[in-house]
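Structure, as structure tokens:
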Amino acid sequence: MNAQEAIAYIHSFFWKGSIPGLSRTQELLRRMGNPEKKLKFIHIAGTNGKGSTAAMTASVLQKAGYQVGLYTSPYIYRFNERIQVNGVQIADEDVAAVTEYVRGYAEAMEEKPTEFELVTAIGFEYFARKNCDIVVLEVGMGGALDSTNVIDTPEVAVITNIGLDHTDYLGSTVEEIAQTKAGIFKKNGDAVIYRSKASVEAVFEKVCAEKHIRLKKADFDSLHLVSCGLDGQVFDCASRKGLLLPLLGDHQLHNASVVLSIIDTLIEKGWNITEAHIRDGLRDVSWPGRFDIVSREPLFIIDGGHNPQCIDALVVNIRDYLSGKKIIALTGVLADKDYGEMYRPMMPYIQEFVCITPPNPRKLDASELAEHLRRVGATATACETISQGVQTAVKKAGKDGVVLCFGSLYTIGDIRNALK
């Protein structure tokens with residue numbers, strides 16, 4: 001089995017979709033000898049900001065000299081991004097070897113795992129083989145019944161920003177979704193949360209009290225933006241002054257505050273992390289596809305925003321960084337997203353929409369999206385291919401305009417390839 005065959009095998013489980021529950025993952029890992037029990041974790045759930053928070057945390061821990069695993073989803077450019085050690089993606093030969101190993105156990109199961117469960121098992125096995133000191137583990141969806149939740153009590157359980165997404169699985173209110181995500185909190189552990197409205201925080205407080213969990217709330221009150229530009233932002237947080245973060249947007253400062261609370265918790269538990277490690281880790285973090293400037297002429301920005309909460313953050317970034325610019329939106333969306341609500345806040349800022357079809361079975365066709373946008377008063381063009389969409393958007397933006405891509409993470413890889 002080579003890497004291409006391994007990835008094809010993993011994707012062959014896609015038909016099962018998302019089936020909540022831990023039993024399949026637990027059985028698969030038991031058959032494999034429970035590699036996850038050899039590892040320590042920072043477990044991160046939430047609606048938005050999980051990936052950025054995970055990347056920053058991993059970067060700081062790597063600067064501190066630890067062997068750090070990073071498990072995220074979905075990938076943007078290639079499958080290997082999902083499983084990294086010290087910022088290096090899993091090599092093709094390791095994808096092939098570990099998948100071959102896990103396949104033998106998966107095929108012996110009466111009820112086969114889902115795609116995400118299979119990838120989770122592959123990740124755990126790889127991290128164990130690489131002798132990781134700690135793994136920053138991003139939840140796929142939800143919390144309580146997500147396959148990553150088979151781990152024992154993590155070093156820190158983290159909940160990032162909560163919003164309405166995957167409501168058919170997770171609940172119809174933010175309080176119900178918070179309850180589901182709080183399922184990653186385990187007895188006598190430590191937890192860090194992104195600040196939210198009182199009713200959401202009350203859900204976390206209740207679970208933590210019941211399970212004797214030490215709860216830390218990110219310190220948003222002391223956040224202070226010193227300066228910002230397209231190359232990054234400088235900020236203060238409590239006693240830490242002049243921190244540099246290359247990730248753009250006010251929401252990234254709040255994610256960074258969550259990271260500082262995670263790191264402070266680890267320091268309290270005896271992990272050897274200095275202030276220099278924190279500064280260097282934040283300064284050098286890389287997390288592509290989040291208000292990511294990939295070209296300067298014209299200014300071409302890729303953002304993975306794909307739900308109303310992400311779009312609200314994107315609108316703030318437009319006001320902060322792109323004020324007065326002619327903006328052409330290059331956009332595609334999945335049909336099961338609330339795209340009517342999603343695009344509404346963008347209308348005042350976009351001169352024209354160029355619509356593309358995401359390469360995903362749940363896609364909304366570009367022509368349908370363009371038709372919807374025209375119905376609500378926007379100017380919109382549908383393109384048959386993503387490559388055509390990129391060319392069209394660049395032409396419409398001109399030298400002094402901006403191309404802003406958003407709507408679906410699944411389009412980003414093809415957009416980058418079309419720009420080469």
Side-chain angles (χ1 to χ4, degrees), residues 18-23 25-26 36 40-54 56-57 135-223 237-238 251 254-269 307-310 312-313:
S18 178
I19 308 173
L22 304 181
S23 60
T25 310
Q26 287 167 334
E36 81 285 1
K40 293 181 178 180
F41 295 95
I42 294 169
H43 201 189
I44 302 179
T47 307
N48 295 309
K50 296 192 298 290
S52 301
T53 301
M56 284 187 253
T57 304
V135 174
V136 183
L137 182 69
E138 182 186 333
V139 168
M141 183 177 70
L145 300 179
D146 184 80
S147 67
T148 62
N149 205 32
V150 296
I151 64 170
D152 294 330
T153 303
E155 291 294 288
V156 192
V158 184
I159 310 286
T160 64
N161 203 358
I162 298 284
L164 293 175
D165 204 7
H166 301 296
T167 51
D168 47 343
Y169 287 102
L170 306 181
S172 57
T173 67
V174 285
E175 291 78 12
E176 288 175 358
I177 291 172
Q179 188 70 50
T180 301
K181 293 185 187 296
I184 69 167
F185 291 171
K186 296 184 172 69
K187 283 184 180 178
N188 302 314
D190 287 274
V192 169
I193 61 169
Y194 188 106
R195 299 306 305 266
S196 189
K197 63 179 185 177
S199 58
V200 169
E201 291 191 6
V203 172
F204 298 137
E205 289 164 357
K206 184 171 184 290
V207 173
C208 287
E210 290 168 351
K211 295 186 176 181
H212 307 289
I213 292 164
R214 293 170 293 278
L215 175 63
K216 195 179 255 110
K217 299 177 182 180
D219 182 6
F220 290 174
D221 292 338
S222 70
L223 269 180
C237 188
H251 62 293
H254 289 82
N255 291 336
S257 176
V258 172
V259 171
L260 293 173
S261 293
I262 295 168
I263 298 302
D264 283 341
T265 302
L266 291 175
I267 291 170
E268 289 164 10
K269 298 182 80 164
N307 60 37
Q309 206 174 17
C310 291
D312 288 343

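All values derive from a computational prediction rather than experimental measurement.
Residue T160 comes nearest to G46 through the heavy atom pair OG1-CA, 3.3 Å, listed as atom of the first residue, atom of the second, then distance. When every heavy atom of Y194 is checked against every heavy atom of V258, the shortest pair comes out as CD1-CG2, 3.7 Å. Taking every heavy atom of both residues into account, T153 and G189 meet most closely at CG2-CA, 3.7 Å. Looking at every heavy atom in both residues, A178 comes nearest to V200 through CB-CG1, 3.9 Å. Residue G142 comes nearest to A45 through the heavy atom pair O-CB, 3.8 Å, listed as atom of the first residue, atom of the second, then distance.
By the 4.5 Å heavy-atom criterion applied to side chains, T53 and E138 are not counted as neighbours. In this structure the side chain of N149 reaches within 4.5 angstrom of the side chain of K186, judged on heavy atoms. Between L266 and I42 the shortest side-chain heavy-atom distance falls below 4.5 Å. Side chains of D190 and E268 form no contact here, defined as non-hydrogen atoms less than 4.5 Å apart. Using a 4.5 Å heavy-atom threshold, the side chains of I184 and D146 count as separate. Using a 4.5 Å heavy-atom threshold, the side chains of V139 and H43 count as touching.
For K206, the NZ atom sits in a loose shell: 12 or fewer heavy atoms of surrounding residues, nucleotides or ligands are nearer than 6.0 Å.
In this structure, S257 has no side chain to side chain donor-acceptor pair (under 3.5 Å) partners at least two apart in sequence or on a different chain. Applying the side chain to side chain donor-acceptor pair (under 3.5 Å) rule to H251 yields no partners; only residues at least two apart in sequence or on another chain are considered. When the side chain to side chain donor-acceptor pair (under 3.5 Å) test is applied to E36, the partners found at least two apart in sequence or on another chain are N34. In terms of the side chain to side chain donor-acceptor pair (under 3.5 Å) criterion, residue partners of S222 (sequence neighbours excluded) are, by chain and number, D219. Take K217 and apply the side chain to side chain contact (heavy atoms under 4.5 Å, CB included) test, not counting sequence neighbours, and it matches I193, R195, E201, E205, L215. Take V150 and apply the side chain to side chain contact (heavy atoms under 4.5 Å, CB included) test, not counting sequence neighbours, and it matches L22, T25, Q26, L29, F124.
Expressed to the nearest 0.5 Å, how far CG of L260 lies from OG1 of T265 amounts to 10.5 Å. The CG atom of N48 sits 9.0 Å away from atom CG of N255, with the distance rounded to the nearest 0.5 Å. Separation of atoms OG1 (T180) and CD (E175) is listed at 11.5 Å; rounding is to 0.5 Å. Here the straight-line distance linking atom OG1 of T47 with atom CD1 of I162 works out to 4.5 Å at 0.5 Å rounding. Note: D152 CG to F41 CZ = 9.0 Å, rounded to the nearest 0.5 Å. Separation of atoms NZ (K181) and CD (E176) is listed at 13.0 Å; rounding is to 0.5 Å.
By the 4.0 Å N-to-carboxylate-O rule, D264 lies too far from K216 to be salt-bridged with it.
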